[in-house]
Amino acid sequence: MNITQAIEKGRQCLSESDSPVTDSQYMLCYVLACKITYLHTWPEKNLSEQQGTDYEALLFKRKAGMPVAYLIGQQSFWSLELDVNAKTLIPRPDTEILVAMALEKIQLGMVVADLGTGSGAIGLALASENKGVQFLAMDRSQAALKVAQANAKKHKITNIMFWQGDWLSSIAKNTLDMIVSNPPYIASNDPHLKRGDLRFEPSIALVSGQDGLKDIRLIVKQARLVLKSKSWLLIEHGYEQANEVNMLFQQAGFEQVQCAKDYGDNERVTLGQQPL
Ligand code: GLN
């Protein structure tokens, strides 16, 4: 089986996936330890017997629904190729809007916390762009923090510290210059949890009580205590939660509350400023 045939095999095998060719290319690159350009440059190159078997095993798992990111242990986010595993959420392109919004407001000398960092996606993307800013990446899950720490090492990002904690409960009052978070925000009975990649992702990173807002409520409340005056809180949320999250920010006393849309034109990130 050569590279062209392998991709064709993947295309047929993964006909239920939204992206059978791309899925196949990623998995083939993983098996051949090569970049995607290699596949285009050497389409007639034959796979070894072992490579063929490994590739077919991946196709089989992918056909059963396992996300490509978990199968190859990697996902690109912002400018970084991040290691991921089943203990971390798979970083989404939509979350890049949160990074872009935060970058507009970050200034030299700040201390910025990323809550529920998972694979480290948001904190590491921001830290890689701002060497003069100190980042604190927090998560309840030790297993996720291990992945995030490995990602920092892989990308030689040193202006970030990792901390196990339950949202902001261990942070002293009036100490942070910005908080960013992509917390769990899916309602516990949401049928989406039984579909696609979500089935394989850690529910601790997805589900937040009956209405999906349990954790956001807590973060908004706690953030008012630990943010310095005029500092910003930025939170990603579900595409139908913008109004409720806006209300939570307003009720807590945040000012300049606004919402930003993601690449799919959904209201995805709400931000607000701590009063003077
Ligand atoms: N954005 C993810 C999804 O809906 C959910 C991530 C989260 O709960 N933080 O697929």
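Indexing begins at 1, ligand by ligand and atom by atom, following the structure's order.
Of all the listed residues (I186, V207, D215, T95), I186 holds the heavy atom that lies closest to atom 4 (O) of ligand 1.
Under 3.5 Å, the side chains of N246 and T270 contain no donor-acceptor pair of N or O atoms.
Residues passing the ring pair (Phe, Tyr, Trp, His ring centres under 6.0 Å) test with F254, sequence neighbours excluded: F249. Evaluation of the side-chain contact (heavy atoms from CB on, under 4.5 Å) rule for S170 yields M138, W163 as partners, not counting sequence neighbours.
Residue contacts with ligand 1: R92 is placed with a nitrogen or oxygen under 3.5 Å of a nitrogen or oxygen of the ligand (distance criterion only). Between L89 and ligand 1, not a single N/O pair is under 3.5 Å apart.
When each atom of ligand 1 is checked for a heavy atom of N182 under 4.0 Å away, the hits are 7 (C), 9 (N). Ligand-side atoms of ligand 1 in range of L198: 10 (O), range being under 4.0 angstrom from any heavy atom. Close approach to A205 involves these atoms of ligand 1, each under 4.0 Å from a residue heavy atom: 7 (C), 8 (O), 9 (N).
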Apply side chain to side chain donor-acceptor pair (under 3.5 Å) to the pair D166 and S169, showing each step before the final yes or no.
CA-CA 6 Å; D166 210 357; S169 55; 5.3 Å; no

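Looking only at protein heavy atoms, the nearest one to atom 1 (N) of ligand 1 is Y185 OH, 2.8 Å.
A salt bridge links E56 with K9; the closest basic N to acidic carboxylate O contact falls under 4.0 Å. With salt bridges taken as basic N to acidic carboxylate O contacts below 4.0 Å, none links E16 and R11.
Residue contacts with ligand 1, taken as heavy atom pairs separated by less than 4.0 Å, involve P183 solely via the backbone atoms N, CA, C and O.
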